[in-house]
Undergrad: 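I am attaching a structure below and will ask some questions about it afterwards.
Chain A is the first sequence line, chain B the second, and so forth, proteins listed ahead of strands; every chain is numbered from 1.
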2 protein chains.
Amino acid sequence: MASPGSGFWSFGSEDGSGDPENPGTARAWCQVAQKFTGGIGNKLCALLYGDAEKPAESGGSEPPRATSRKAACACNQKPCSCPKADINYAFLHATDLLPACDGERPTLAFLQDVMDILLQYVVKSFDRSTKVIDFHYPNELLQEYNWELADQPQNLEEILMHCQTTLKYAIKTGHPRYFNQLSTGLDMVGLAADWLTSTANTNMFTYEIAPVFVLLEYVTLKKMREIIGWPGGSGDGIFSPGGAISNMYAMLIARFKMFPEVKEKGMAAVPRLIAFTSEHSHFSLKKGAAALGIGTDSVILIKCDERGKMIPSDLERRILEAKQKGFVPFLVSATAGTTVYGAFDPLLAVADICKKYKIWMHVDAAWGGGLLMSRKHKWKLSGVERANSVTWNPHKMMGVPLQCSALLVREEGLMQSCNQMHASYLFQQDKHYDLSYDTGDKALQCGRHVDVFKLWLMWRAKGTTGFEAHIDKCLELAEYLYNTIKNREGYEMVFDGKPQHTNVCFWYVPPSLRVLEDNEERMSRLSKVAPVIKARMMEYGTTMVSYQPLGDKVNFFRMVISNPAATHQDIDFLIEEIERLGQDL
Amino acid sequence: MASPGSGFWSFGSEDGSGDPENPGTARAWCQVAQKFTGGIGNKLCALLYGDAEKPAESGGSEPPRATSRKAACACNQKPCSCPKADINYAFLHATDLLPACDGERPTLAFLQDVMDILLQYVVKSFDRSTKVIDFHYPNELLQEYNWELADQPQNLEEILMHCQTTLKYAIKTGHPRYFNQLSTGLDMVGLAADWLTSTANTNMFTYEIAPVFVLLEYVTLKKMREIIGWPGGSGDGIFSPGGAISNMYAMLIARFKMFPEVKEKGMAAVPRLIAFTSEHSHFSLKKGAAALGIGTDSVILIKCDERGKMIPSDLERRILEAKQKGFVPFLVSATAGTTVYGAFDPLLAVADICKKYKIWMHVDAAWGGGLLMSRKHKWKLSGVERANSVTWNPHKMMGVPLQCSALLVREEGLMQSCNQMHASYLFQQDKHYDLSYDTGDKALQCGRHVDVFKLWLMWRAKGTTGFEAHIDKCLELAEYLYNTIKNREGYEMVFDGKPQHTNVCFWYVPPSLRVLEDNEERMSRLSKVAPVIKARMMEYGTTMVSYQPLGDKVNFFRMVISNPAATHQDIDFLIEEIERLGQDL
């Protein structure tokens with residue numbers, strides 16, 4: 001049985017006196033003992049050291065590193081059965097851990113020490129004085145360490161070092177100044193839930209082997225459908241490995257709904273199918289069409305207005321054009337929250353067109369779906385309730401750890417009909433419980449990772465109102481950034497007006513460019529500004545924000561805020577940092 | 001900064017005396033102190049309790065439950081800043097954790113307490129006196145607890161309880177007597193690595209945001225290709241969300257290699273394509289064909305011999321037949337380790353046929369790939385080095401936590417050409433490092449979970465020889481099972497001969513059926529035996545093993561062994577348990 005804090009065993013000194021070979025042992029105990037007040041800490045330390053003087057040496061806040069521990073026991077037996085044996089990872093290997101006989105003690109010590117490394121990382125991640133990234137070029141990292149895999153095992157001391165090294169070079173995605181992706185932040189309850197998921201180590205295909213997780217998926221998907229606005233939360237859905245796969249599912253199911261024979265006969269049996277999405281939509285629509293045998297040429301990109309929203313009249317025009325050619329429009333994918341501009345397509349107008357032409361309406365709300373949790377902002381998705389399917393990634397705006405993407409489908413049973421293959425060795429029909437909970441056959445995957453638990457537990461911990469507060473705060477921060485830079489010298493906005501999502505797109509124009517005329521040379525020089533600033537940000541490790549060109553617009557910064565750790569001061573910092581790093585360009 | 005074992009803070013009693021409101025606090029400290037010998041433990045306990053008598057009460061091995069803690073502080077402020085405040089989860093919410101101001105202390109306490117719950121679960125998982133499953137029917141579980149999601153947050157005490165409840169009903173997939181799936185066991189280093197992956201919380205698409213993980217994927221895939229036998233480990237690959245998706249990738253890439261125009265033009269632009277796989281192959285081949293617009297009718301199932309191996313002459317016959325019809329054979333998927341029988345298709349013969357007819361040879365070694373790590377067993381995959389692509393799931397036979405599936409491709413660059421869409425906001429071409437490490441555009445996914453680290457760290461910890469020892473042991477156990485039951489009364493083998501993988505397929509024939517003639521009634525009654533025994537196993541929670549029908553063979557048990565915790569005694573237990581639960585049928 002694990003006793004709490006079993007990791008301390010690794011510091012235990014059997015005779016209670018300060019082992020001169022092992023000052024870290026007593027020091028670690030002593031540090032913890034200092035959490036006590038009223039003199040007890042010093043008494044404990046004195047006992048541990050056998051010397052009232054020594055505690056004074058223990059002032060350092062750095063815990064002893066796993067790798068600095070030495071054995072109190074001199075025997076080389078593995079596992080060592082000496083009564084005086086301390087945990088010495090240099091003598092231990094994976095084979096000494098559970099399920100090894102007598103593996104409980106080293107296992108608990110090892111896992112606790114891994115946990116200590118992780119907890120240090122977590123705390124550092126939120127510390128603004130820590131770098132977001134300790135950047136090294138690929139060849140540097142490859143040369144600096146030997147990452148190769150070998151025949152012989154390494155000892156657990158080396159394994160703990162690998163954990164430390166890996167985290168040393170990791171991006172601190174929870175850092176308050178990490179703005180690089182749509183998924184940022186590190187939620188503590190979500191993290192705990194993900195650790196639990198790893199520990200439970202099971203698979204979503206049947207109730208038999210994932211009873212609670214299957215039920216939680218059912219409950220959570222239903223709740224998400226209610227929030228979308230489907231009556232009674234009815235419908236279907238699945239957690240898939242990311243928004244691109246969710247969008248591919250939508251395309252697959254839409255095709256099946258119109259031409260179920262494709263499942264057996266393939267695309268050869270049906271007329272040419274056409275999908276429509278905006279020119280600002282995510283590239284996964286084209287990727288999906290390529291994979292599904294539809295072809296990227298059959299994905300028509302609809303024009304957007306200057307804010308990146310699909311223009312409904314262009315959609316209708318292109319649908320008619322396709323029909324005139326004898327092609328069959330089968331899917332419109334509207335975007336709620338585009339990747340670069342954060343634009344929301346006009347869903348009501350799109351829904352009217354889809355209804356008129358009897359086309360499956362999908363809404364890719366991978367990024368914008370989170371706004372459904374906010375009473376203040378959910379109007380931006382008005383019309384989503386008329387969609388046939390919705391992609392919604394809680395791992396983006398809702399801050400759930402990666403990966404967590406849901407595809408919601410309005411019609412129940414369609415996913416199952418579309419994907420099921422009735423594998424009798426997995427989905428036995430004569431089991432002793434209600435088989436409607438064996439939902440695995442509706443997936444494209446066979447085994448499927450448990451992605452629901454972290455969302456469910458976070459939802460319990462935050463409540464819908466907690467997600468709402470998070471969303472509202474991020475949008476307020478984006479508005480603050482917009483208001484701060486829109487009239488500030490050296491900034492140009494990529495599009496006019498207050499952002500609808502947290503995307504704020506802008507150029508930073510260094511002083512040397514401000515005097516130039518708006519010609520090709522200026523554009524060419526401007527296009528090089530963001531990449532250089534970004535490279536410098538990474539080398540200093542102070543912050544990270546994305547940039548890209550789009551259409552005829554040269555490289556600009558795309559700031560997005562989904563990180564719950566970010567504050568107004570971090571936004572100010574970003575602006576100052578861009579200016580500091582870019583003023584000489 | 002997290003000090004080691006910071007979870008103890010949650011038990012800390014500020015004045016050092018035993019808090020009468022909180023006996024768990026001192027007791028937990030005292031339990032740990034008892035690890036010291038030489039009288040120091042008692043002295044520490046006495047100090048903690050302020051009473052030399054009390055330590056005697058601390059004998060219980062059960063650590064104090066998270067939910068039983070009470071506040072030493074009576075203030076209701078959140079976060080409480082009283083110097084005497086203890087952690088009281090009933091007053092704390094997710095908003096009190098990091099990144100909240102002053103969130104470090106409650107965060108470390110909370111995460112440590114979650115960890116204590118997980119460590120208890122880990123230890124229990126390996127304890128044979130614990131149930132594999134505490135089975136409840138879906139409606140029971142739904143009624144027993146309120147799993148619904150609400151507007152208002154719950155406190156952290158409730159969140160910790162949810163963690164305990166979820167694990168109470170979880171399947172202990174690491175239990176030595178859990179044999180239900182191809183993925184069983186719980187590797188301690190793999191688990192630690194998965195916790196670290198969750199904590200790093202990043203995405204595989206670019207080097208920029210996952211530098212170490214991208215390099216480790218590169219190193220690990222190369223090593224796997226070397227083991228497959230491709231010269232210098234050259235080629236390509238990816239970790240995908242499971243074997244079904246890996247197989248779908250293979251089909252997608254094979255099609256692209258032969259008809260690159262499918263990417264733009266779709267299936268309408270090409271002749272009818274035919275894929276071949278054995279009748280014992282995994283259902284994901286058909287699932288993939290349905291999704292990719294090829295159609296399940298275009299997947300020809302090749303006959304197998306009595307051991308479940310594809311018959312090469314039938315493959316050649318069906319290829320010729322397809323060609324005569326004007327169809328284009330584009331893929332043969334041979335299986336190395338079928339799901340039910342564990343059969344290895346004759347890869348060399350298949351390779352000859354593929355070469356002769358210029359067809360892409362894929363090997364689905366999701367289950368059998370692990371045997372490549374064993375010098376004793378790798379001959380069963382002879383010919384895999386001639387494949388164009390290989391699916392290999394380390395999360396199956398190699399015991400890596402879920403999910404970890406690799407697709408390996410012999411030709412470099414093909415995946416990239418097949419799948420890339422050049423999203424400029426993600427794969428900027430003017431970044432400051434070597435862009436060949438931005439491998440995300442070769443995936444079907446956009447965001448992609450980090451699946452490599454647990455495999456890499458386990459490989460470092462076990463070495464190739466450690467995986468070999470694990471594989472050899474599991475195969476030896478399967479042989480032991482086979483030898484034990486092949487001549488035992490009441491057992492019939494589904495196929496003759498020693499198993500090639502760890503799959504042992506058999507019927508248990510209860511005494512009442514042994515006297516019956518081999519007719520339809522006996523078959524009908526026999527078909528009901530395995531489901532009933534399985535249901536009883538789950539209700540007792542003693543062990544779990546899978547069953548299924550196959551072709552004209554009624555429900556039989558399919559025993560598989562990938563669990564490193566299993567021993568000969570567990571195999572004996574399984575046999576006795578089947579007989580105990582089935583003798584009255």
Undergrad: Side chain, backbone, both or neither: which part of B:Asn419 has an atom under 4.5 Å from a heavy atom of chain A?
TA: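 Contact with chain A involves both backbone and side-chain atoms of B:Asn419.
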Undergrad: Sort out for me which of A:Arg448, A:Lys286, A:His282 touches chain B most, counting heavy-atom pairs under 4.5 Å.
TA: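 Of the candidates given, the most pairs with chain B belong to A:His282.
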Undergrad: Examine whether an atom of A:Tyr137 lies under 4.5 Å from a heavy atom of chain B, and if so say whether it belongs to the side chain, the backbone or both; otherwise answer neither.
TA: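 For A:Tyr137, backbone and side chain are both near chain B.
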Undergrad: With chain B as the partner, which of A:Ala269, A:Ala170, A:Ala192 has the greatest number of non-hydrogen pairs under 4.5 Å?
TA: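 Top option by heavy-atom pairs under 4.5 Å: A:Ala192.
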Undergrad: Measuring heavy-atom distances to chain A, does B:Arg460 have an atom under 4.5 Å in its side chain, in its backbone, in both, or in neither?
TA: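 Both backbone and side chain.
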Undergrad: Given that the side chain runs from C-beta out, which part of A:Tyr121 has a heavy atom under 4.5 Å from chain B: side chain, backbone, both or neither?
TA: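 Interface part for A:Tyr121: side chain.
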Undergrad: Of the listed residues (A:Met421, A:Met267, A:Lys265, A:Glu264), which shares the most heavy-atom pairs with chain B below a 4.5 Å separation?
TA: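 The residue among A:Met421, A:Met267, A:Lys265, A:Glu264 with the greatest pair count is A:Glu264.
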Undergrad: Can you tell which part of A:Leu292 gets under 4.5 Å to a heavy atom of chain B, answering side chain, backbone, both or neither?
TA: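 Both parts, heavy atoms under 4.5 Å.
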Undergrad: Could you tell me which portion of A:Leu252 (side chain, backbone, both or neither) has an atom closer than 4.5 angstrom to a non-hydrogen atom of chain B?
TA: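 Only the side chain of A:Leu252 comes within 4.5 Å of chain B.
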Undergrad: Can you tell me which portion of B:Glu208 sits under 4.5 Å from chain A's heavy atoms? Options are side chain, backbone, both or neither.
TA: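 Contact with chain A: backbone and side chain both.
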Undergrad: Which atoms of A:Asn555 are under 4.5 Å from chain B, going by heavy atoms: the side chain, the backbone, both sets, or neither?
TA: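 A:Asn555 touches chain B through side-chain heavy atoms alone.
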Undergrad: Between A:Ala565 and chain B, with a heavy-atom cut-off of 4.5 Å, which part of the residue counts as in contact: side chain, backbone, both or neither?
TA: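 Answer is both: backbone and side chain atoms of A:Ala565 are under 4.5 Å from chain B.
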Undergrad: If only atom types and distance count, is the side chain of A:Thr173 paired as donor or acceptor with the main-chain N or O of B:Ala200 below 3.5 Å?
TA: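 Checking the backbone N and O of B:Ala200 against the side chain of A:Thr173, a donor-acceptor pair under 3.5 Å is found.
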Undergrad: Heavy-atom distance under 4.5 Å to chain B: side chain of A:Ile245, backbone, both or neither?
TA: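 A:Ile245 touches chain B through side-chain heavy atoms alone.
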Undergrad: Salt bridge (charged side-chain N to carboxylate O under 4.0 Å, His left out) with A:Arg558: which residues, sequence neighbours excluded?
TA: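 Residues passing salt bridge (charged side-chain N to carboxylate O under 4.0 Å, His left out) with A:Arg558: none at all.
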Undergrad: Using heavy-atom distances under 4.5 Å, tell me whether A:Thr199 contacts chain B through its side chain, its backbone, both, or neither.
TA: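 Both the backbone and the side chain of A:Thr199 come within 4.5 Å of chain B.
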Undergrad: At a 4.5 Å cut-off on heavy atoms, which part of A:Asp151 comes close to chain B: side chain, backbone, both, or neither?
TA: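 Both parts, heavy atoms under 4.5 Å.
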Undergrad: Between B:Ala94, B:Gly242, B:Ala535, which shows the greatest number of heavy-atom pairs under 4.5 Å with chain A?
TA: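 Heavy-atom pairs under 4.5 Å are most numerous for B:Ala535.
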Undergrad: Go through A:Leu97, A:Leu216, A:Leu98 and name the one with the most non-hydrogen pairs under 4.5 angstrom from chain B.
TA: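 Counting heavy-atom pairs under 4.5 Å, the top option is A:Leu98.
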Undergrad: Within the distance-only criterion (no hydrogens, no angle test), does the side chain of A:Ser183 pair as donor or acceptor with the backbone N or O of A:His395 below 3.5 angstrom?
TA: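 Side chain of A:Ser183 to backbone of A:His395, a donor-acceptor pair under 3.5 Å: yes, one is there.
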Undergrad: Which bit of A:Phe126 comes within less than 4.5 Å of chain B, counting heavy atoms only: side chain, backbone, both or neither?
TA: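 A:Phe126 touches chain B through side-chain heavy atoms alone.
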Undergrad: Could you tell me which portion of B:Lys223 (side chain, backbone, both or neither) has an atom closer than 4.5 angstrom to a non-hydrogen atom of chain A?
TA: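 Looking at B:Lys223, just its side chain touches chain A.
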Undergrad: Measure distances from B:Thr95 to the heavy atoms of chain A and classify the residue's part below 4.5 Å as side chain, backbone, both or neither.
TA: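 No part of B:Thr95 comes within 4.5 Å of chain A.
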Undergrad: Is it the side chain or the backbone of A:Tyr547 that comes within 4.5 Å of chain B heavy atoms, both, or neither?
TA: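 Both backbone and side chain.
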Undergrad: So which part of A:Met458 gets closer than 4.5 Å to some heavy atom of chain B, the side chain, the backbone, both or neither?
TA: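 Neither part.
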Undergrad: Report which part of A:Met115 has an atom under 4.5 Å of a heavy atom belonging to chain B: side chain, backbone, both, or neither.
TA: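 The side chain, not the backbone.
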Undergrad: Is A:Phe283 in contact with chain B via its backbone, its side chain, both, or neither, using a 4.5 Å heavy-atom distance?
TA: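 It is both, since atoms from each part get that close.
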Undergrad: Which residue out of A:Leu457, A:Asp434, A:Asp430, A:Leu215 racks up the most heavy-atom pairs below 4.5 Å with chain B?
TA: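 Heavy-atom pairs under 4.5 Å are most numerous for A:Asp430.
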